[in-house]
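As the structure lists them, so they are numbered: ligands from 1, and atoms in each ligand from 1. Only a predicted model underlies this, so the values are computations on that prediction, with no experimental measurement involved. Numbers here are sequence positions counted from 1.
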Amino acid sequence: MPFDLAQLQATHKGAAQLLHRQHVNPKWMQALKLIGFDHEYVRAESQYLWDDKGNRYLDMIGGYAVCNVGRNHPVIRKALTDFLASGAPSMVQFDAPILAGLLARQLKGRVGRDLDRVFFTNSGTEGIETAIKFSRCATGRPTMLYETGAFHGLSTGALAMNGCESFRKGFEPHPDHFQSVRFNDLSSLECELAKGNVAGFVVEPIQGKGVNVHSYGFLAEASSLCHRYGALFIVDEVQTGIGRTGSFLAIDQEGAVEPDMVILSKGLSGGYVPVGAVMTRTSVWEKVFSRLDRAIVHSSTFHMGGLAMVAGLATLSVYEDERLAERATQTGALLRNGLEAMMPRFEFIRAIRQRGLMIGIEFAKPTSLTLRMAWRMIHALDDNLFTQAISIPLMQDHRILSQVAGHGIPVLKLTPPLTITPDDVTDFLSAFERTMIGLHRFPGPAWDALRRIAVNSIRSSTASPRANTESDAAQAAAEWLRADTQSNEHVEPHG
Ligand code: PMP
């Protein structure tokens, strides 16, 4: 019998989690269950997902900032199905695919800045690996600089530039010649550049982990510092690009930034087909592809794949037609205003960081005594637990997907499709407000739910309240947990 996708899916309805537990990543399944994110989504449209029970969810994660145009956009879907139906060849390798030429020209038209050559990739990480190679080749120098708190991917080279210890741990030794500089600190950058061995400095205009925004002027000054010391300035716009922050690139709002490379991915895919692009100066390109026998010295099998190029071209067209950057600016401002208006009422909220629809809500130790104790207890258990106390009820009680993304600093992150509406913003704000009201009552049901998560997480990881936290908080946390441990309760977060 020929392959029948619909039949395959129909005969395996409801089996997804079991299949993943058996064949893919059981630990991830366990984690999803623990936080109540273990739904089976069967349909998606723009900023909404539907599960197998017909419930609708508002997606404020957007597939980690992939679905800028919204999921299953009809224009992109049609372009992809048209391409498939056309019988056009893809990945001939010994040819010049027209769609790659068209996409490169379109990207240049939007990015400008003398970034005249485009290397296509299959992911953001691959773009970073490309930038490492190109920087070393173009400068003849070894060292790559990155910022503390940075996230550039998880392959070997990209991981060596990852500023989050939790990702690096267990994968040592990391390759040599990667050096971190302090986030947003020009003197730290100059100190390393002055050593004269730096090939390039890779920087996210806004860091994805924590939504950390540089001071205005930092990126422009950093680019001129790099050039003064003969290093390349490389902007990782994998997450911030394609309208996410209210302009095509985030650096479009940052003054005279002069990148030697810009790396794009995520949003360019239209949420459909992996694609990325490294845009670089001709001078860099010519150092890499310097002779006929080096014409494909850097390449990969799937780069410039037909479907990926179609997804990129159709995405750029939708981006333009639907004025997505403008909409990101407008709805982003609505979200920010709404969140800022809540700050005086909720002592847990420390800061709102926002550019377009890239938003980080940072929490901090409250001022009142009871809440302070609750905060310290939670942090004695796990740094990320408090933010989960917000993302879990947002999902459980309001069917809203949001992300914990601070790495040590409690930050709730939002990167929804750029298509969210003012009504979605209102829904999110009221759900967030109700969640915060719940958390400002201690003891109370919001904290009880958190305790159950902590108990289950401790059961499954053999972790215990951390020894390095204030001892009274650790002791209180242990006592707080004990009641639940003895009752042998199980977390059923969305039961
Ligand atoms: N750079 C940045 C700024 C990112 O946010 C990410 C992904 N989160 C990457 C690089 C890696 O991209 P990918 O997951 O597509 O490999």
Can you see whether [X] engages [Y] through a side-chain donor-acceptor pair at a distance of less than 3.5 angstrom?
X	Y	answer
Asp59	Tyr48	no
Tyr57	His39	yes
His73	Ser46	no
Asn122	Ser300	yes

Show which atoms of ligand 1 fall inside a sub-4.0 Å distance from at least one heavy-atom site of [X].
X	result
Lys266	4 (C), 5 (O), 6 (C), 7 (C), 8 (N)
Ser123	15 (O), 16 (O)
Glu204	3 (C)

Minimum-distance protein heavy atom relative to [atom]:
atom	answer
atom 5 (O) of ligand 1	Gln239 NE2, 2.7 Å
atom 15 (O) of ligand 1	Gly124 N, 2.9 Å
atom 16 (O) of ligand 1	Thr125 OG1, 2.4 Å

Point to revise | ligand 1 versus Phe151: contacting region, heavy-atom distance under 4.0 Å | key: both
Exercise for review: Evaluate the side-chain proximity of Glu237 to Ile263: yes if any heavy-atom separation is below 4.5 Å, no if none is.
Suggested key: no
**Study point:** Any Thr415 side-chain heavy atom under 4.5 Å of Gln239 side chain
**Key:** yes
Revision key, fill the gap. Of Asn122, Ile263, Asp236, the residue with the heavy atom nearest atom 3 (C) of ligand 1 is Asp236
Review point. Taking the minimum heavy-atom distance to atom 4 (C) of ligand 1, which of Val275, Val238, Val235, Ile128 ranks first?
Key: Val238
Review point. Considering residues, nucleotides and ligands other than Tyr64, do more than 12 of their heavy atoms fall under 6.0 Å from its OH?
Key: no
